[in-house]
Amino acid sequence: MIKAITGTNDILSEDSFRWRELEKLVNGIMSFYNYKEIRTPIFEETSLFSRGIGDATDIVSKEMYSFIDRSGVSLTLKPEMTASVARAFIEHSLDKKQSLNKLYYISPMFRQERPQAGRFRQFHQFGAEVLGSQSPLLDAEMIIIAYDIFAKLGLTNLKVKINSLGVTESREIYKAKLKEYLNPHFNNLSEESRKRFDINILRIFDSKDDRDQSIMKDAPLLIEYLDDASLQHFNTVKKVLENSNVPFEVDPKLVRGLDYYCHTTFEIVSGSVGSQSALCGGGRYDGLIEQLGGKPVPGVGFAAGIERLLLACKNENVFEIKEEPLDVYMILLDSELRNDTFKAMLELRRNGLRVDSDYLMRSIKAQMREANKYNSRFTLFIGGDEYKSGDYLLKDMSEGNQFLFKTSDMQGLIKKIRE
Ligand code: HAM
């Protein structure tokens with residue numbers, strides 16, 4: 001038997017309406033904040049991600065689904081959207097059309113990670129990217145949008161963590177200090193952290209290894225090395241969050257796993273989903289567009305994992321949305337009237353009602369069972385004495401009331417169902 005690839009999920013119909021509702025919520029909130037949707041291809045040239053995200057990152061060095069296509073080009077299924085949005089921004093000169101581009105997306109992503117609860121190989125993100133401004137208001141706006149969406153879902157067990165990585169110059173000074181601090185401990189670091197020592201020293205803060213953690217406990221912190229302008233930027237972000245009633249904590253060890261960040265980085269974590277607790281992550285990336293060959297245009301953004309969010313909702317018993325019931329289930333009393341039933345059903349559907357009927361020649365009892373299964377608000381009986389006298393019999397399934405409508409009076413019937 002052929003099965004789905006490990007780390008991928010089928011979203012079956014009992015779940016897909018929750019996905020649709022979530023997408024509706026995201027579309028709605030993004031439109032309140034005046035963000036416009038962008039859709040980019042599922043695959044891109046591999047070099048976009050290696051240049052954009054950074055060769056030394058876990059995503060690029062270990063997790064990308066890359067392949068050589070028939071013309072010999074290396075392509076990669078997108079592991080994240082920021083680089084793709086940046087590429088589209090440069091390619092279509094979006095800055096000429098709009099001085100500030102506020103964009104959002106909902107899209108599948110692909111990373112060859114070790115699958116576990118909340119971590120998949122095909123997963124879905126929604127997110128936003130703003131290109132064209134250095135305003136710290138926008139750093140805060142990213143956090144606020146994500147927080148608003150999570151709060152609208154009903155999630156409460158949340159923690160907003162923020163940090164500042166400052167600018168490249170102060171970061172380089174800091175990295176030298178961190179190296180100095182770690183040098184005497186080098187042989188006690190885990191193998192992974194020894195590798196990171198040269199290629200991506202900040203990521204040692206992310207290590208889950210006990211020895212690494214006890215060494216890093218006393219390490220100097222980047223936030224202590226920020227230049228004045230970066231500190232001021234960070235202070236404004238914090239002030240705006242306070243004024244917006246978004247509770248947060250500063251986590252000076254939050255370095256994030258992608259190379260393009262500067263200034264603000266943040267994550268919102270949930271206490272309801274186990275070890276893969278980051279529901280979203282993001283930050284500022286003022287150098288990315290230039291690094292990918294565009295003009296120096298600043299950017300900031302975030303992305304949230306939809307599977308993790310829905311898992312958090314399930315675990316907190318919130319966002320328990322019931323699928324919309326059918327408006328009408330047609331009950332066929334006389335099999336000769338199958339075509340009449342189909343015609344009437346079509347007319348109701350074309351008038352915007354959710355309607356279904358039996359296609360399997362089932363008994364009246366079985367048809368009634370179906371009507372109940374779909375939670376249908378009404379049943380419409382076709383056949384019997386009423387139909388012979390030119391009437392449909394409509395039955396209200398919750399109260400049991402019955403109504404007769406002339407078969408010629410479809411509009412009257414539709415009005416009643418819509419009431
Ligand atoms: P990221 O932290 O790599 O950031 O991913 C963002 C979110 O996607 C995570 O917080 C998590 O909820 C979800 N996610 C990531 N990997 C997986 C996975 N394997 N399975 C399930 N969910 C996952 C980015 O992708 C950046 N592009 C965010 C950003 C936008 N920064 C600036 N703009």
Is it the case that more than 12 heavy atoms not belonging to [X] sit under 6.0 Å from its [atom1] atom?
X: Arg418; atom1: CZ; result: yes
X: Lys314; atom1: NZ; result: no
X: Tyr359; atom1: OH; result: yes
X: Lys406; atom1: NZ; result: yes
X: Arg39; atom1: CZ; result: no
X: Tyr374; atom1: OH; result: no
X: Leu360; atom1: CG; result: yes

Taking the side chain as everything from C-beta on, heavy atoms only, tell me whether [X] gets closer than 4.5 Å to [Y].
X: Ser230; Y: Arg171; answer: no
X: Leu309; Y: Phe319; answer: no
X: Arg114; Y: Gln112; answer: no
X: Pro108; Y: Ile42; answer: yes
X: Tyr174; Y: Leu202; answer: yes
X: Leu165; Y: Cys262; answer: no
X: Leu178; Y: Leu222; answer: no
X: His263; Y: Val300; answer: no

[X] and [Y] ion-paired at < 4.0 Å:
X: Asp58; Y: Arg196; result: yes
X: Arg350; Y: Glu347; result: no
X: Lys253; Y: Asp206; result: no
X: Asp396; Y: Arg377; result: no
X: Glu242; Y: Lys239; result: yes
X: Lys395; Y: Glu386; result: no
X: Glu370; Y: Lys373; result: yes
X: Glu419; Y: Lys416; result: yes

Check the side chains of [Y] and [X] for a donor-acceptor pair under 3.5 angstrom, ignoring hydrogens and angles.
X: Lys78; Y: Ser107; answer: yes
X: Tyr329; Y: Asn372; answer: no
X: Asp212; Y: Ser207; answer: yes

Plane angle bin for Phe403 and Phe405 - parallel if under 30°, tilted between 30 and 60°, otherwise perpendicular: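 Tilted.
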Aromatic plane relationship, Phe67 with Phe43 - under 30° parallel, 30 to 60° tilted, over 60° perpendicular: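 Judged by the thresholds at 30° and 60°, the geometry between Phe43 and Phe67 is perpendicular.
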Judged by atom type as modelled, is there a donor-acceptor pair below 3.5 Å linking the side chain of [X] to the main-chain atoms of [Y]?
X: Arg121; Y: Pro115; result: no
X: Asp334; Y: Glu336; result: yes
X: Asp327; Y: Val355; result: no
X: Arg308; Y: Gly118; result: yes
X: Glu45; Y: Val73; result: no
X: Asp148; Y: Ile29; result: no
X: Ser190; Y: Ser193; result: yes
X: Thr46; Y: Ser74; result: yes

Criterion side chain to side chain contact (heavy atoms under 4.5 Å, CB included) on Leu155 and Ser270, from CA distance to verdict: CA-CA 9 Å; Leu155 291 171; Ser270 163; 5.7 Å; no
Work out which heavy atom in [X] is nearest to a heavy atom in [Y]; give both atom names and the distance.
X: Glu324; Y: Arg354; result: OE1-NH2, 3.2 Å
X: Glu316; Y: Ser272; result: OE2-OG, 2.7 Å
X: Ser376; Y: Val328; result: OG-C, 3.2 Å
X: Arg256; Y: Arg203; result: O-CD, 3.4 Å
X: Met368; Y: Met397; result: CE-CE, 4.3 Å
X: Phe266; Y: Gly283; result: CE2-N, 3.7 Å

Full working for side chain to side chain donor-acceptor pair (under 3.5 Å) between Lys36 and Asn34: CA-CA 7 Å; Lys36 310 289 178 202; Asn34 196 26; 3.1 Å; yes
Side chain to side chain contact (heavy atoms under 4.5 Å, CB included) between Tyr147 and Leu241, worked out: CA-CA 11 Å; Tyr147 191 79; Leu241 289 177; over 6 Å; no
Verdict with supporting geometry, Ile204 and Glu192, side chain to side chain contact (heavy atoms under 4.5 Å, CB included): CA-CA 8 Å; Ile204 298 180; Glu192 185 69 27; over 6 Å; no
Pair up each side-chain donor or acceptor in residues 285-297 with any protein partner under 3.5 Å, not counting sequence neighbours, and list the distances.
from, atom 1, to, atom 2, distance (Å)
Tyr285, OH, Glu129, OE1, 2.7
Asp286, OD1, Arg284, NH1, 2.8
Asp286, OD1, Gly299, N, 3.4
Gln291, NE2, Arg51, O, 2.6
Lys295, NZ, Asp95, OD2, 3.0

Asp409 vs Tyr392, side chain to side chain donor-acceptor pair (under 3.5 Å): CA-CA, chis, key distance, verdict: CA-CA 9 Å; Asp409 182 22; Tyr392 288 126; over 6 Å; no
Steps toward salt bridge (Lys or Arg N to Asp or Glu O under 4.0 Å) verdict (Glu21, Lys24): CA-CA 5 Å; Glu21 282 305 313; Lys24 233 190 263 171; 3.0 Å; yes
[atom2] on [Y] to [atom1] on [X], rounded to 0.5 Å:
X: Leu94; Y: Asn101; atom1: CG; atom2: CG; answer: 5.0 Å
X: Leu22; Y: Ile106; atom1: CG; atom2: CD1; answer: 7.5 Å
X: Met109; Y: Ile59; atom1: CE; atom2: CD1; answer: 10.5 Å
X: Asn27; Y: Met30; atom1: CG; atom2: CE; answer: 8.5 Å

Derivation of the side chain to side chain contact (heavy atoms under 4.5 Å, CB included) call for Leu258 and Thr82: CA-CA 10 Å; Leu258 301 94; Thr82 314; over 6 Å; no
